[in-house]
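Counting starts at 1 for both ligands and their atoms, following the listed order. Hydrogens, waters and symmetry mates are skipped; everything else that's a heavy atom, side chains included, is used.
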Amino acid sequence: MTFGAAGMKYADIIVDISHERLDRPFQYRIPPALLEKVIPGVWVKIPFGKGNREIKGYVVSLSERPEIDPARIKDILDIAYGAEAPSAERQMVALAAWMKRHYGGTLIQSLKVVLPVRRAVRIKERKTLCLTVNADEALAKAEAFQKKRAVARARLLTALAENNEIDWALVRDKLNIGQSTVKDLEKLGLLCIKTEKVRRKSVFSPALKEFALNEAQQGIVDSFKRDYALGLRETYLIHGVTGSGKTEVYMEIISEVVRQGRQAIMLIPEIALTFQTVMRFISRFGDRVSYMHSKLSKGERYDQYMRAKEGELDIMIGPRSALFTPFPDLGIIVLDEEHEHSYKAENMPRYHAREVAIERARLSNAAVVLGSATPSVDSFFRAKRGEYRLFTLDKRAAGGVLPVTYVEDLRNELRKGNRSIFSMRLKAMMEDRLNNKQQAMLFLNRRGMAGFVSCRACGRVFKCPHCDVSLSAHRDKRLICHYCGYEEKLQEKCPECGSKYIGTMRAGTEKVEEEVKKLFPSARVLRMDADTTKSKDAYEKILSEFADQKADILVGTQMIVKGHDFPAVTLVGILAADLSLYAADYRAGERTFDLLTQAAGRAGRAELKGEVVIQTYSPEHYSIAAAKKQDYNVFYAEEIAFRKLMEYPPVSHLLKILIEDRSEERANRVAGEIRAVIPDDRDLKLIGPAPDSLAMLKDHYRRAIYVKHADYERLADVKDFIEAWRQGEGGMEASVQFDFDPL
Ligand code: ADP
Ligand code: ZN
Ligand code: ZN
């Protein structure tokens, strides 16, 4: 294909207005003066609509012939932003088209996700902090600051003692250290700030490793290299327990790809993207590495993308959005913690980074490596089916044993007359830790609090007879299934054991904190949840106080579970494992196993042995039994059997159609219409419409329809059909969103 060639007088343009009715290319004439400049991938200014309002559009293709009467075709006014490198750009446009097909929404919505939005601001200056004293002196000062509770200064000096020179932005974003702290230390003559006007063009020189990979790690790296040399571009899944050395494997694989002159994207969920992780990559790959995070301004993000595009970088580390780094010759994409929910976008298009990574890799002839201690059932299923190559790392690389796990049956506690939120065992263990100056974490999963109803005496949970998910309690004593709309009355007595202790589980972190203080008045307790972390620094402050052992017990929500290392923590208590177990969706079991495993991983990370107490009303549930044994395979076998039986993903695919409107009547009517127009197909299973689990949001009524089919493409057809129907006959009232295999 040639660009701007003579004869190509027309351009097909997607207009920059996200409206379903406009989601098709519009033809414009290219005026002679712009013939060379208008090429696919360029943003242009165009007149639009009756009033010829000037808007922007994105050129997707060129053509010689008009599609309508030439007299009605308007002229392009001007170039809006310059042309981007066409080949990389074409790949990204192809990716956007794929996303539109697979997740729905408009093409412009997808284009906005995959293409860097040009910003005038480009950051030309880079600041680096360097230590002006030697490392020992810095550590001594850090200790002194620590004693004076100047934690930020202490933290910065400690980091500098280890690394000597650190990017200012990294210190700000990942160590959460403000300008005033830096200036103070500069005034004290402990550090200096270097400003570079032009970036160094450094060459790639991998640092020497401190240790050799072990046999299991080397085996993975060798297999990968062999495949890669043969031109095979596979998707690999590394199932490796926490600390088994996955990150070392990623770095080794990336190093091989970079050696061949290609680039790498390393995806890490934001919450796990710590200063230490970024520094590990920087110390190995130097400043050919950069990183992104969600707090970057649009200008900063654009700057990062441009550095990658212009060949200044080999490796980009970051959360979901780093996936769209426009590298000229992408050779590998790694997704660490591939089971994390943050890989799925919350807004249209609701894409999953894992699937998009695989498609992007296909377009640029790259390989994909997925890694996790608790792989998603989706990925493990694919690996077992041979779609992904599976590798296992089952031992901690640097030694150390996994913690001992106890499961405490809360029904027994009730029988013994213990109504406290702590089982006897947990209480005794907390006391022991307090006496021995060790730390404990108490974890309460509130995300799963969907209001399920259970019997406190026998543990029976009220479930939908059709969908096998928990019913949710609503006002006026009704129980509702959010998949199919099934309803029943809340019963007075347990049909199983006759007990009257029936209700929803309610407990909050605040209550837990209160109880701990009542029980152990001298204990120093910190609490971390949405309430205590409203300000930006609060999160980091609580974590560093706990790390500095200024508290004995940290109470918190799932926020405390991920990614943090506290060497003095030897006890983790999970107060009500059932809260996530009976959330009203089919992934509740998976989420519970994942959370319990991650939480358990917090105990005993250093020399001290760790213990974990899981409190539950359902000790026999396979998620809990498998978490106790820390056996992923046991969990998977049970979970996949359930998914097969109920035809839930990954065995089948599920499309959620969410209808939203300010008027309840309209939401219901449009939901009914959509349900009625979906073409008849014996293999297509339709469920609903039913009130969504969030039945009302921001004054909008929400109704959901679920469509099941074994073949994803058939569901994409259903989506296309509904989109086309909405563009044609009515149905444009109410907003409609699509979510494939919702989380
Ligand atoms: P994961 O990513 O699976 O959690 P890491 O790669 O972070 O594991 O490794 C955990 C710890 O073990 C790190 O401190 C790392 O330096 C160390 N480690 C990794 N591989 C080896 C090895 N082959 N020999 C010794 N230590 C290792
Ligand atoms: Zn009962
Ligand atoms: Zn149901």
Side-chain angles (χ1 to χ4, degrees), residues 209-221 238-254 266 268 272-274 276-277 279-281 283-284 334-338 369-375 391-400 402 410-411 414-415 453-472 479-488 491-503 562-565 567 584-586 597-598 601 605-606 617-618 646 648 685-691 693 704 706 708:
K209 280 197 310 292
E210 287 158 32
F211 44 76
L213 293 184
N214 62 38
E215 207 176 311
Q217 289 170 313
Q218 193 62 49
I220 300 175
V221 172
I238 304 177
H239 172 207
V241 297
T242 320
S244 59
K246 294 185 292 296
T247 308
E248 289 299 323
V249 171
Y250 304 150
M251 291 201 289
E252 199 58 31
I253 285 173
I254 287 174
M266 175 79 220
I268 301 180
L273 184 60
T274 58
Q276 281 75 13
T277 310
M279 281 317 291
R280 248 169 111 179
F281 276 84
S283 60
R284 177 90 184 260
V334 179
L335 266 97
D336 191 25
E337 315 263 6
E338 65 86 30
V369 175
L370 312 172
S372 173
T374 51
F391 292 111
T392 312
L393 292 173
D394 50 17
K395 287 190 194 65
R396 286 191 167 170
L402 294 166
L410 292 174
R411 295 169 303 185
L414 191 70
R415 235 168 272 146
V453 176
S454 66
C455 167
R456 228 51 70 78
C458 76
R460 181 192 199 272
V461 174
F462 292 79
K463 289 184 166 192
C464 172
H466 311 293
C467 307
D468 204 24
V469 299
S470 308
L471 296 167
S472 300
L479 298 178
I480 295 186
C481 170
H482 286 300
Y483 282 165
C484 70
Y486 168 87
E487 259 188 63
E488 63 179 48
Q491 303 178 45
E492 306 268 303
K493 272 188 193 165
C494 172
E496 212 89 2
C497 73
S499 147
K500 274 185 266 175
Y501 290 108
I502 291 176
K562 307 256 155 100
H564 314 288
D565 263 343
D585 83 273
Y586 73 90
T597 310
Q598 303 260 1
R605 307 272 290 169
Y617 290 99
S618 339
M646 300 305 295
Y648 283 128
K685 285 217 174 78
L686 282 157
I687 310 163
S693 50
Y706 290 88
K708 264 191 211 172

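Residue contacts with ligand 1, taken as heavy atom pairs separated by less than 4.0 Å, do not involve Glu252 at all. Only side-chain heavy atoms of Gln217 come within less than 4.0 Å of ligand 1; its backbone N, CA, C and O stay farther off. If you look at Ala373 next to ligand 1, there are no close heavy atoms at all, none under 4.0 Å.
For atom 7 (O) of ligand 1, the nearest protein heavy atom lies under 4.0 Å away.
Looking at Tyr617 and Arg460, their side chains never come closer than 4.5 Å, going by heavy atoms from C-beta outward. Put simply, the side chain of His482 reaches to within 4.5 Å of the side chain of Ser472, judged on heavy atoms. Two residues are said to be in side-chain contact when any heavy atoms from C-beta on lie closer than 4.5 Å; Leu479 and Tyr486 fail this criterion. Looking only at side-chain heavy atoms (C-beta outward), Val249 and Val369 stay at 4.5 Å or farther from each other.
With a cut-off of 2.8 Å, the Zn ion (ligand 3) has an N, O or S atom of Cys481 in range. Taking backbone and side-chain atoms together, His482 has no N/O/S atom less than 2.8 Å away from the Zn ion (ligand 3).
Listed for the Lys246 side chain is a donor-acceptor partner under 3.5 Å among the backbone atoms of Val241. Formation of a donor-acceptor pair under 3.5 Å by the Tyr648 side chain with backbone atoms of Cys467 is found in this model. With hydrogens and angles ignored, the 3.5 Å screen pairs a side-chain donor or acceptor of Tyr483 with a backbone N or O of Tyr586. Here the side chain of Thr392 pairs no donor or acceptor atom with the backbone of Asp394 at under 3.5 angstrom. Not one N or O on the side chain of Thr277 forms a donor-acceptor pair closer than 3.5 Å with the backbone of Leu273. Side chain of Glu248 to backbone of Gln217: no donor-acceptor contact under 3.5 angstrom is found.
Atoms of the protein (N, O or S only) found under 2.8 Å from the Zn ion (ligand 2) are Cys455 SG, Cys458 SG, Cys494 SG, Cys497 SG.
Close contacts between ligand 1 and Gly245 involve ligand atoms 1 (P), 3 (O), 5 (P), 6 (O), 8 (O), 9 (O), 19 (C) [criterion: under 4.0 Å to a heavy atom]. Ligand 1 places these atoms under 4.0 Å from at least one heavy atom of Leu213: 23 (N). Listed by atom number, the atoms of ligand 1 under 4.0 Å from Ala397 heavy atoms are 12 (O), 18 (N), 19 (C), 20 (N), 21 (C), 27 (C).
Note: no N/O pair closer than 3.5 Å links Phe211 and ligand 1 by distance alone. Ligand 1 has no nitrogen or oxygen under 3.5 angstrom from a nitrogen or oxygen of Thr242.
Taking the side chain to side chain contact (heavy atoms under 4.5 Å, CB included) definition, one finds that Ala690 meets it with nothing, sequence neighbours left out.
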